[in-house]
Amino acid sequence: MAKTQLNVRVDEGTARTARERALERGMSVNRYIEELVRQDAGEAGHTFVEAAADFMKQYETVFAEEFGADHEGEREGRR
């Protein structure tokens, strides 16, 4: 994967913490930040899926009434 340079400005305390955490994990600060962003992106996706599941559960009866078993044959017939 091609790499792109990204410059960010943080306060000295944040920079120090990033260096310390990266060192504790035996990785570069770049790699540490990269992993944090990937984790955050993954959590956002996970949060979306959880919210969607909660929505579907909350409105399950509405969907069942609108798109229930009697509509199943209609969908299969279109294939």
Side-chain angles (χ1 to χ4, degrees):
M1 176 188 305
K3 297 283 185 169
T4 299
Q5 185 170 337
L6 176 66
N7 297 311
V8 297
R9 292 184 185 273
V10 297
D11 62 65
E12 186 53 42
T14 301
R16 184 175 40 257
T17 301
R19 288 185 198 106
E20 290 169 358
R21 298 294 172 105
L23 183 62
E24 290 170 2
R25 289 165 175 76
M27 63 178 62
S28 69
V29 174
N30 284 336
R31 179 72 180 163
Y32 176 66
I33 301 296
E34 202 171 10
E35 287 192 10
L36 287 176
V37 171
R38 284 189 181 135
Q39 288 173 5
D40 185 53
E43 289 174 16
H46 183 71
T47 300
F48 171 79
V49 170
E50 284 180 347
D54 289 343
F55 174 84
M56 290 299 291
K57 187 174 183 176
Q58 184 177 357
Y59 291 98
E60 181 178 14
T61 57
V62 175
F63 282 98
E65 289 173 5
E66 184 68 24
F67 304 105
D70 57 328
H71 293 285
E72 189 66 33
E74 292 176 13
R75 282 194 298 267
E76 289 179 10
R78 287 188 225 155
R79 288 182 187 171

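The structure displayed is predicted, hence computed values, not measured ones.
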* To do: Report yes if some heavy atom in the side chain of V29 is under 4.5 Å from a heavy atom in the side chain of I33; otherwise report no.
  =>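 Yes, at least one pair of side-chain atoms sits under 4.5 Å.
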* Pairs flagged by side chain to side chain donor-acceptor pair (under 3.5 Å) wherever residues 25-35 is involved - sequence neighbours left out ->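 Qualifying pairs: K3-E34, R31-E35, E34-R38.
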* Summary of side chain to side chain donor-acceptor pair (under 3.5 Å) pairs that have at least one residue in residues 49-60, sequence neighbours excluded ->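 Those involving residues 49-60 are H46-E50.
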* Asked: Who passes side-chain contact (heavy atoms from CB on, under 4.5 Å) against M56, sequence neighbours left out?
  ->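 Result, side-chain contact (heavy atoms from CB on, under 4.5 Å) vs M56: F63.
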* Is there a path from F55 to F67 through hydrophobic residues (I, L, V, M, F, W, Y) whose side chains come within less than 4.5 Å of each other? ->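 Yes, F55 and F67 fall within the same hydrophobic cluster.
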* For R19, check side-chain hydrogen bond (donor to acceptor under 3.5 Å, both in side chains) against everything at least two apart and list the hits. =>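 Per chain and number, R19 pairs via side-chain hydrogen bond (donor to acceptor under 3.5 Å, both in side chains) with E12.
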